[in-house]
Amino acid sequence: QVQLVESGGGLVQAGGSLRLSCAASGRTFGSYVMGWFRQAPGKEREFVATISRSGGSTYYTDSVKGRFTISRDNAKNMVYLQMNSLKPEDTAVYSCAATLNIIATMEGDYEYWGQGTQVTVSS
């Protein structure tokens, strides 16, 4: 099992940047594919980005391509989401998630979830 704790959320103006962090417990972090999801008020949870076990491959939902970057540091048991050029529609609770599935772009692919961190983008 792995426990996940997100941090770095907050209030930012449109066009600004935030870096979210997700700290994972355990000594097997490198065995997990990691992902970021978000859920806006009144909306279903949405896939944002995923990164392979080694960090060599990433995949993003179309709405964040070119603006967000997912990365990981397996030596530190950390995964990050750098968010640039933020828009009001990016406002949501952002959660990190972990899975032993090699390919994981759907909510059901992920087995472990953090508690989420609020990101609010003002206009």
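The NZ atom of Lys43 sits 11.0 Å away from the CD atom of Glu89 when rounded to the nearest 0.5 Å. Distance CD/Gln118 to CD/Gln39: 10.5 Å, rounded to 0.5 Å. Rounded to the nearest 0.5 Å, atoms OG (Ser57) and CD1 (Ile102) are 11.0 Å apart.
No more than 12 heavy-atom neighbours from other residues, nucleotides or ligands sit within 6.0 angstrom of CD on Gln1.
For the pair Gln3 and Trp113, the minimum side-chain heavy-atom distance is 4.5 Å or more. Using a 4.5 Å heavy-atom threshold, the side chains of Arg19 and Tyr80 count as touching. Put simply, the side chain of Phe37 does not reach to within 4.5 Å of the side chain of Glu46, judged on heavy atoms. Between Glu6 and Ser95, the closest side-chain pair of non-hydrogen atoms falls below 4.5 Å.
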Run the numbers on Asp90 and Lys87 for salt bridge (charged side-chain N to carboxylate O under 4.0 Å, His left out), then give the verdict.
CA-CA 5 Å; Asp90 295 319; Lys87 305 174 181 179; over 6 Å; no

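Smallest separation of non-hydrogen atoms from Arg53 and Ser31: NE-O, 3.1 Å. For the pair Ala104 and Phe47, the tightest heavy-atom approach, listed with the atom from each and the gap, is O-CE1, 4.0 Å.
Ser17 and Asn84 share a donor-acceptor pair across their side chains, judged by distance under 3.5 Å alone.
When hydrophobic side chains of Ile, Leu, Val, Met, Phe, Trp and Tyr are connected at separations under 4.5 Å, Tyr60 ends up clustered with Val2, Leu4, Val12, Leu18, Leu20, Phe29, Tyr32, Met34, Trp36, Val48, Ile51, Val64, Phe68, Ile70, Val79, Leu81, Met83, Leu86, Tyr94, Leu100, Tyr112, Val119, Val121.
Judged by distance alone, the side chain of Arg72 and the main-chain N or O of Met78 form no donor-acceptor pair under 3.5 Å. Between the side chain of Asn101 and the backbone N or O of Ile103, no donor-acceptor pair lies under 3.5 Å. Side chain of Thr50 to backbone of Gly35: no donor-acceptor contact under 3.5 angstrom is found.
With sequence neighbours excluded, the residues satisfying side-chain contact (heavy atoms from CB on, under 4.5 Å) with Leu11 are Thr120, Ser122.
Identified under the disulfide (SG to SG under 2.5 Å) test for residues 1-116, with sequence neighbours left out: Cys22-Cys96.
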